[in-house]
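Being a predicted model, the structure only gives us computed values, none of them experimental. One-based numbering, in listed order, for ligands and for the atoms of each.
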Amino acid sequence: MATIFTKIINREIPASIVFENEKVIAFKDINPQAPVHILVVPKKEIATLNDVTKEDFEYITAIYQAIQEITKELGISEKGYRVITNCNSHGGQEVFHLHFHILGGEPLGALVK
Ligand code: 5GP
């Protein structure tokens, strides 16, 4: 069954899309944890970071290129931001389609539990 993020990629459910190319889509998180909270998602259903293989590295490269473009476009690149990938239960992963959270727009403080 398609993940919720694949449904966004296929325009089956709406999202506020801020970036898209052949390999990657990025959209606003529905439950933002910072003034800027974007999810960057490969257009391939990779369940977790543990499942990334060498064949997927072009997606990982595309994700980091997208992060650079998005943060520049949104005006947060200079002051800075945080990128997070949660993996499995201890990481707090809820959606099993690899994604990278971009958080920014204010000082984020230390990483805490
Ligand atoms: P995870 O906990 O898996 O790292 O993060 C999943 C994220 O996806 C959460 O921050 C959650 O708010 C977001 N999310 C879940 N469902 C949707 C949705 O339908 N649309 C959007 N835009 N974000 C979603």
Undergrad: Any protein N or O within less than 3.5 Å of an N or O in ligand 1? List each pair with its distance, or say none.
TA:
from     : atom 1 : to     : atom 2 : distance (Å)
ligand 1 : 2 (O)  : Gly92  : O      : 3.0
ligand 1 : 2 (O)  : Glu94  : N      : 3.3
ligand 1 : 3 (O)  : Glu94  : N      : 2.7
ligand 1 : 3 (O)  : Val95  : N      : 2.9
ligand 1 : 3 (O)  : His99  : NE2    : 3.1
ligand 1 : 4 (O)  : Asn86  : ND2    : 2.8
ligand 1 : 4 (O)  : His99  : NE2    : 2.8
ligand 1 : 4 (O)  : His101 : NE2    : 2.8
ligand 1 : 5 (O)  : His99  : NE2    : 3.1
ligand 1 : 5 (O)  : His101 : NE2    : 3.3
ligand 1 : 10 (O) : Asp29  : OD1    : 3.3
ligand 1 : 10 (O) : Asp29  : OD2    : 2.5
ligand 1 : 12 (O) : Asp29  : OD1    : 2.5
ligand 1 : 22 (N) : Lys28  : O      : 2.9
ligand 1 : 22 (N) : Ile30  : N      : 3.4
ligand 1 : 23 (N) : Ile30  : N      : 3.3

Undergrad: Is the distance between the ring centroids of His99 and His101 less than 6.0 Å?
TA: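 Yes, ring centres under 6.0 Å apart.
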
Undergrad: For the residue pair His97 and Phe5, categorise the inter-ring angle as parallel (less than 30°), tilted (30 to 60°) or perpendicular (more than 60°).
TA: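 Ring orientation, 0 to 90° scale: tilted.
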
Undergrad: Just to verify, which of Val41, Thr48, Thr85 counts as forming a side-chain contact (heavy atoms from CB on, under 4.5 Å) with Leu98?
TA: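 It is Thr85; the other options fail the test.
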
Undergrad: Check whether any side-chain N or O of Asp29 sits under 3.5 Å from a backbone N or O of Asn31 as a donor-acceptor pair, and report yes or no.
TA: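 Checking the backbone N and O of Asn31 against the side chain of Asp29, a donor-acceptor pair under 3.5 Å is found.
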
Undergrad: Hey, mind stepping through Glu20 and Lys43 against side chain to side chain contact (heavy atoms under 4.5 Å, CB included) and telling me if it holds?
TA: CA-CA 10 Å; Glu20 185 169 24; Lys43 287 185 173 177; 2.8 Å; yes

Undergrad: Checking side-chain contact (heavy atoms from CB on, under 4.5 Å) against Ile38, which of Val18, Val83, Thr71 comes through?
TA: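 So the option named by the test is Val18.
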
